[in-house]
Undergrad: 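Would you mind keeping the following structure in view while I ask a few things?
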Amino acid sequence: MSESNNLYIYNSLRKTKELFKPLNPPFVGLYVCGPTVYSDVHLGNVRSFLTFDVVYRYLTYLGYNVRYVRNITDVGHLLNDSDDGDDKIEKRARLEKIEPMEIVQKYTNGFRDTVNQFNLIPPSIEPTATGHIIEQIEMIERIINNGFAYEVNGSVYFDVKKYSEKYNYGELSGRKIEEQLEQTRESLEGGQEKRFFADFAIWKKASTETIMKWDSPWGIGVPGWHLECSVMSTKYLGQKFDIHGGGMDLKFPHHECEIAQSVAADGKAPVRYWMHGNMLTVNGTKMSKSLNNSFLPHELISGDHPLLEKGYTAMTVRFFFLQANYKSTVDFSNEALKAAEKGLKRLMSGIETLNQLETSENSTIDINLIISKSTQSLNDDFNTPMAIAHLFDGVKMINSINVEKDTISVSDLEQLKKHYSSFVFDILGLTSEENNSSDDELPNDLMEIIINLRNQSKENKDWSTADLIRDKLKKLSIYIKDAKDSSTWEYEK
RNA sequence: GGUUCCGUGGCCGAGUGGCUAGGCAGUGCUCUGCAAAAGCAUCUACAUCAGUUCGAAUCUGAUCGGAACCUCCA
């Protein structure tokens with residue numbers, strides 16, 4: 001637990017690793033931008049949420065009491081800020097000819113199922129935008145009262161120009177609005193409601209056809225997208241909280257706007273540590289629905305996709321992601337996924353071996369090396385690939401003990417078991433996949449009979465029968481693995 | 001065009017001034033009736049050019065190539 005003082009987090013705001021000191025230890029506030037539930041989450045989204053799942057898990061492991069808030073955006077995510085900007089969910093509802101709230105429910109369910117498959121721990125609070133309309137209206141009022149927003153024709157816009165006179169709009173993304181102004185001047189002359197190109201809607205007037213809409217001091221409308229995160233993070237974590245996470249692509253404008261809104265409303269920069277996860281790419285290009293290069297999780301698992309050679313389990317994919325740093329892009333490929341599949345297997349069988357290790361008087365190996373190095377890796381901005389590398393070094397040790405080249409003491413073994421259990425299962429969130437095909441006992445019993453028959457043939461040196469059984473099973477995708485005095489089997493499609 | 005970032009061995013990916021991760025594949029070996037599986041060992045490297053330095057993949061500059069954001073996106 002002494003390591004809990006040594007966690008460094010890369011803070012996107014200052015572009016440097018900083019020692020993590022919670023505002024009110026042992027409590028930690030963690031906010032992560034959740035999905036807009038208008039379509040299926042794809043693998044790139046999963047990667048992002050996985051990054052913060054590990055952050056949450058590790059903070060918890062370190063003994064912090066983490067309140068983890070991840071929102072569901074169920075209204076207000078406009079296609080754009082122009083006058084005819086449409087709500088994503090409304091649009092989808094019209095396409096599918098169902099209620100917007102049915103869309104929300106359908107894709108919220110899908111999101112939770114998916115995230116569950118990848119063994120992500122549910123957040124402490126999962127608030128929705130529609131559940132916080134009143135708070136959003138109140139925040140808009142505070143912003144207006146402080147002079148940082150204006151109303152035009154039933155919509156309210158954040159006054160970026162005014163804000164940047166007093167504060168630094170663009171400090172997170174490194175943007176300078178003066179410079180941007182020159183390039184974007186043309187798009188200003190469209191007779192829009194906005195006074196300034198960088199202004200963004202915090203309340204948007206609703207058309208008569210719109211189904212999801214609310215009354216407000218400015219008329220019937222919907223809240224702006226950026227606003228919900230400001231409101232919900234403030235409500236559940238306070239005006240100032242520890243960590244805010246999200247994908248790189250949210251840095252601008254979304255997170256920049258969040259900062260501006262909070263400062264404009266309450267005079268405080270809300271977030272102490274900003275964390276941004278990088279993108280999943282396919283052939284070097286960001287995975288996105290519009291490019292037709294995204295995988296849905298079930299396609300990945302079944303392998304039913306033109307870019308996939310075969311199916312991969314959710315755990316393989318989880319491990320694959322963890323073998324890369326969250327701040328780097330990771331490029332999808334069949335080869336890399338296959339490598340991850342085997343690597344994960346090696347790690348897991350190492351743990352199995354660990355649990356069956358015989359102990360000796362003394363240890364000839366230094367388990368503290370493995371423990372401290374893998375801990376240091378995670379303390380270094382959640383460096384999971386490095387931690388995994390050290391865990392593999394440990395597997396080498398474990399195997400060496402197993403073949404009696406090295407020895408381990410009782411207390412060392414206990415410690416090592418505990419460490420692997422914590423790191424692999426609790427922090428990295430990997431699970432040993434269900435062995436063999438099912439919980440059903442029949443296949444297991446049948447296989448036992450077959451294997452016994454084959455072993456009898458082997459004892460009688462009847463190799464042709466033994467090989468025949470092996471070959472026939474292989475055709476059914478059942479693989480026999482002979483060990484010294486026993487045989488195991490594995491079903492792999 | 002602006003902002004930010006990247007280019008590491010056959011592949012994936014750490015490292016960020018000297019001690020040259022790890023996984024997968026390859027090769028050799030052990031085990032084995034054979035094969036597979038498993039284990040052990042091991043090879044191939046830092047985009048290019050110039051500079052700083054006793055010393056650079058690591059710092060600086062230039063060049064080439066790639067990406068993300070600047071418009072909805074995790």
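Convention: sequence-line order gives letters A, B, ...; per-chain numbering from 1.
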Undergrad: Verify the distance criterion only: is there a donor paired with an acceptor across the side chains of A/Thr364 and A/Asp406 at less than 3.5 Å?
TA: yes
Undergrad: Report yes if the distance between the aromatic ring centroids of A/Phe295 and A/Phe332 is under 6.0 Å, otherwise no.
TA: yes
Undergrad: Using a heavy-atom cut-off of under 4.0 Å over every strand shown, decide if A/Val330 touches base, sugar-phosphate, or nothing.
TA: sugar-phosphate
Undergrad: Taking any strand in view, what nucleotide pairs with B/rG9 in a Watson-Crick or G-U wobble way, both distances under 3.5 Å?
TA: none
Undergrad: What nucleic acid atoms does A/Asn399 come within less than 4.0 Å of, heavy atoms only: base, sugar-phosphate, or nothing?
TA: sugar-phosphate
Undergrad: Quick check for you: among B/rA21, B/rC12, B/rC69, whose closest atom lies nearest to any side-chain atom of A/Ser333?
TA: B/rC12
Undergrad: When all nucleic acid strands are considered with a 4.0 Å heavy-atom cut-off, which category describes A/Lys327: base, sugar-phosphate, or nothing?
TA: nothing
Undergrad: Is A/Thr281 touching bases, backbone alone, or none of the nucleic acid, heavy atoms closer than 4.0 Å?
TA: nothing
Undergrad: Considering only heavy atoms and no angle criterion, is a donor-acceptor pair shorter than 3.5 Å present between the side chain of A/Arg346 and the base of B/rC24?
TA: no
Undergrad: Give A/Ala336 one of three labels, base, sugar-phosphate or nothing, depending on what nucleic acid heavy atoms sit under 4.0 Å from its own.
TA: sugar-phosphate
Undergrad: Is A/Met279 touching bases, backbone alone, or none of the nucleic acid, heavy atoms closer than 4.0 Å?
TA: base
Undergrad: Would you say B/rG15 has OP1 or OP2 under 4.0 Å from some side-chain N or O of A/Asn383?
TA: yes
Undergrad: Quick one: does A/Asp467 reach the base of B/rG33 with a side-chain donor-acceptor pair under 3.5 Å?
TA: yes
Undergrad: With a non-hydrogen cut-off below 4.0 angstrom, is A/Leu280 in contact with a base, only sugar-phosphate, or nothing?
TA: base
Undergrad: May I ask you to verify whether the side chain of A/Arg470 and the base of B/rA35 hold a donor-acceptor pair under 3.5 Å?
TA: yes
Undergrad: Have a look at A/Gly277 and say if it touches a base, only the backbone sugar-phosphate, or nothing, with a 4.0 Å heavy-atom cut-off.
TA: nothing
Undergrad: Quick one about A/Thr73 and A/Glu228 (side-chain donor to acceptor, distance below 3.5 Å, no hydrogens or angles considered), yes or no?
TA: yes
Undergrad: In terms of side-chain heavy atoms of A/Leu250, which of B/rC69, B/rA74, B/rU4 is nearest?
TA: B/rA74
Undergrad: OP1, OP2 of B/rC69 versus side-chain N and O of A/Lys286: anything below 4.0 Å?
TA: yes
Undergrad: Would you indicate, yes or no, if B/rU3 has its OP1 or OP2 atom less than 4.0 angstrom from a side-chain nitrogen or oxygen of A/Lys176?
TA: no
Undergrad: For the residue pair A/Tyr169 and A/Phe158, is the inter-centroid distance of their aromatic rings smaller than 6.0 Å?
TA: no
Undergrad: Between A/Glu193 and A/Tyr157, is any side-chain donor less than 3.5 angstrom from a side-chain acceptor?
TA: yes
Undergrad: Using a distance-only criterion (donor-acceptor N/O pair, under 3.5 Å, no hydrogens), is the base of B/rA35 paired with the side chain of A/Asp482?
TA: yes
Undergrad: Between B/rC70 atom P and A/His254 atom NE2, what is the distance in whole Å?
TA: 13 Å
Undergrad: Just the rounded figure in Å: distance from C1' of B/rG13 to CD of A/Glu335.
TA: 13 Å
Undergrad: Is there a Watson-Crick or G-U wobble partner for B/rC49 with both distances under 3.5 Å, and if so, which one is it?
TA: B/rG61
Undergrad: Does the structure show A/Phe392 stacking with B/rG23, if we require the centres to be closer than 5.5 Å and the planes to be within less than 30 degrees of parallel?
TA: no
Undergrad: Write down the partner of B/rG17 under the Watson-Crick or G-U wobble criteria, each distance required to be under 3.5 Å.
TA: none
Undergrad: Pick the P atom in B/rC11 and in B/rU44, then give their distance to the nearest Å.
TA: 16 Å
Undergrad: Mind checking A/Lys396 for me? I need base, sugar-phosphate or nothing, with any heavy atom below 4.0 Å counting as a touch.
TA: sugar-phosphate
Undergrad: Let me confirm one number: the OG-NZ distance from A/Ser164 to A/Lys176, rounded to the nearest 0.5 Å.
TA: 13.0 Å
Undergrad: Under 4.0 Å between any heavy atoms, over every strand shown, what does A/Thr488 touch: base, sugar-phosphate, or nothing? Just pick one.
TA: nothing
Undergrad: So, does A/Ser328 get its side chain near the phosphate of B/rA14, meaning an N or O under 4.0 Å from OP1 or OP2?
TA: yes
